[in-house]
Student: 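First the structure, which I've put down as C-alpha cells, then a few questions once you've had a look.
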Amino acid sequence: MGTRYGRRSASGNFEYHDSKESLHAAEQEEKSSGRAALFGFIGLIAGGIVSYLSMQKFGDANLPRWLRFAGIIAGAAGTAWLLARLADVIWYTILLAAMLGGLWLIGSFIWSHV
C-alpha cells in the first residue's frame with residue numbers, strides 16, 4: 001500500500017489523498033472557491049448599482065416597474081457570475097499590482113536617497 005496524504009478541510013472533515021498533487025489540488029480548489037464567493041458577492045452589489053445607475057442615466061426609468069426590477073437583477077446576476085468566474089485572475093492581478101507597487105516604492109525611495 002502506498003503513502004496516503006491527509007488534511008482537514010474547511011468544513012471540518014478529514015480528507016485522504018493518494019498523491020501530493022491531489023492534496024495540493026484540493027487545497028487550491030478550496031481557496032479558489034472562497035475567492036469566487038467573495039468576488040461574486042462584490043459583483044452582485046456592484047452589478048446591481050451599475051444597472052440601476054445606467055437605467056437612470058439612459059432614460060429607461062419610465063419602463064414598467066417589473067421590467068426595471070428584472071433588468072437590475074439580470075445585471076447584478078451577470079456581473080456576479082462574471083466576477084466569480086474570473087476570481088483567480090482578478091486576485092492574481094491585484095497581487096501583481098501590489099507587488100509592483102511595492103517594488104516601485106522601494107525603487108523610488110532608493111533613487112531619491114542615493
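By convention here, the first residue in the shown sequence is residue 1.
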Student: In this structure, would Y92 and L96 fall into the same cluster of hydrophobic residues linked by side-chain contacts under 4.5 Å?
Tutor: no
Student: Between L95, L83, I42, which is the residue that forms a side-chain contact (heavy atoms from CB on, under 4.5 Å) with I90?
Tutor: L83
Student: Same cluster or not: are I45 and I72 linked, directly or through other Ile, Leu, Val, Met, Phe, Trp or Tyr residues, by side-chain heavy atoms under 4.5 angstrom apart?
Tutor: yes
Student: If every non-hydrogen atom of T79 is compared with every non-hydrogen atom of G47, which pair is closest and at what distance?
Tutor: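 Taking T79 first and G47 second, the nearest heavy atoms are OG1-CA, 3.5 Å.
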Student: Please report the shortest heavy-atom distance between G40 and A84, naming the atom on each side.
Tutor: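 The answer is CA-CB, 4.2 Å.
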Student: Mind listing the closest non-hydrogen atom pair of M55 and R68 along with its distance?
Tutor: CE-O, 3.6 Å
Student: Do you know which two heavy atoms are closest between S51 and G75, and how far apart they sit?
Tutor: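 Smallest heavy-atom distance, with atoms named: OG-CA, 3.2 Å.
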Student: For residues L105 and S108, report the shortest heavy-atom separation together with the two atoms involved.
Tutor: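 Closest approach of L105 to S108, heavy atoms only: O-OG, 3.0 Å.
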Student: Hey, could you give me the CG/CZ distance between L63 and F69, rounded to the nearest 0.5 Å?
Tutor: 15.0 Å
Student: Under the side-chain hydrogen bond (donor to acceptor under 3.5 Å, both in side chains) rule, collect the residues that match up with R35, sequence neighbours excluded.
Tutor: D88
Student: Any chain of hydrophobic side-chain contacts (each under 4.5 Å) joining I73 to I49?
Tutor: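 The answer is no; the residues belong to distinct hydrophobic clusters.
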Student: First locate atom CG of L82, then atom CG of L86, and finally report the distance between them rounded to the nearest 0.5 Å.
Tutor: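 Here the rounded value is 5.0 Å.
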